[in-house]
**Student:** 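If you scroll down you'll find the structure; I have some questions about it.
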Amino acid sequence: MACRALLWVLVLWAPAAPAWPGAGDAGDGGWRWEGPWAALAPEEERCTVERRADLTNAEFVQHYAFLRPVILKGTTDNSRFRALCSRERLLASFGDNVVRLSTANTYSYQKVDLPFQEYVKQLLHPQNPASLGNDTLYFFGDNNFTEWESLFRHYTPPPFRLLGTTPAYSFGIAGAGSGVPFHWHGPGFSEVIYGRKRWFLYPPEKTPKFHPNKTTLAWLQDIYPALAPFAQPLECTVRAGEVLYFPDRWWHATLNLDTSVFISTFLG
């Protein structure tokens, strides 16, 4: 297991300067980096989160809403939203918008504001595994809904709801190898629009072993390989078009395997 985790780290990071592909790449929306990390290590086969298609609301409430995560397939058609999230179209529509970046540590200590186009062109590089969380900035969560409303109105969230909650969107884009270390909050859904995002999850009563200022990539390298079977998280890779649901107060950490575009629907 130690070799497996180290392989991820070695392939996800490389020091050479990358170049962006042509803007017309429909398969990845123009978000894929060219360079040694373009062909990532073979994806882990281990997936301990159930995938469900054609899930009814009654089944969702009975089996998942308060009990365990689930990956949803085919619940909505967000092809229009996906097309609007290509690199070319987002830069054309929102390039001059100021976005708020958060540090990639458990408590998001620091916030930095800069134009969206600067973030995309200068900061979307693969994660250096030696960097600490408070030195790693990425765009997720602090969206100005008014400025981004023209995009969000084209998104269709999963059709499932919890009584007494109100949905709120959180849109993000992050480089390969980036992610947020373990934290918890209320329930929600997270859909991958482009790229792949690996999730690690623990129930509320099982606090994971982690350092709040070390990245998920560092956790994967330093702690994950030594976990006993009873201490291992639920985990799976969520691919473009899939949605992961996480219940209230479940610990979770994320790792973007590619440059990823994603949107969460928090149920607050």
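What you see is a predicted model; the values in this text were computed from it and never measured. In what follows, residues are counted from 1 in the order of the sequence shown. Hydrogens, waters and symmetry mates are skipped; everything else that's a heavy atom, side chains included, is used.
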**Student:** Determine whether the aromatic ring centres of residues His252 and Phe182 are separated by less than 6.0 angstrom.
**Tutor:** no

**Student:** Checking Arg196 against Thr237: is there a side-chain donor and acceptor pair closer than 3.5 Å?
**Tutor:** no

**Student:** Near Lys209 NZ, under 6.0 Å, is it more than 12 heavy atoms from other residues, nucleotides or ligands?
**Tutor:**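 Open.
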
**Student:** Run the salt bridge (Lys or Arg N to Asp or Glu O under 4.0 Å) test against Arg100 and tell me which residues pass, sequence neighbours left out.
**Tutor:** Asp113

**Student:** Is there a donor-acceptor contact under 3.5 Å linking the side chains of Ser170 and Ser264?
**Tutor:** no

**Student:** Any luck finding a side-chain donor-acceptor pair between Tyr202 and Gln232 under 3.5 Å?
**Tutor:**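 Short answer, no.
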
**Student:** Are Arg52 and Tyr64 close enough that a side-chain donor and a side-chain acceptor fall under 3.5 Å?
**Tutor:** yes

**Student:** Is a side-chain donor-acceptor pair under 3.5 Å present for Asn78 with Thr76?
**Tutor:**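 Side-chain D/A pair, Thr76 to Asn78: present.
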
**Student:** Could you check whether Phe262 and Trp31 have their ring centres less than 6.0 Å apart?
**Tutor:** no

**Student:** Please report the closest heavy-atom contact between Gly188 and Tyr245, naming both atoms and the distance.
**Tutor:**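 Closest heavy-atom pair between Gly188 and Tyr245: O-CD1, 3.2 Å.
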
**Student:** Has Tyr119 got a side-chain atom pairing as donor or acceptor with Ile173's backbone, closer than 3.5 angstrom?
**Tutor:** yes

**Student:** Are side-chain heavy atoms of Leu201 and Val49 found at a separation under 4.5 Å?
**Tutor:** yes

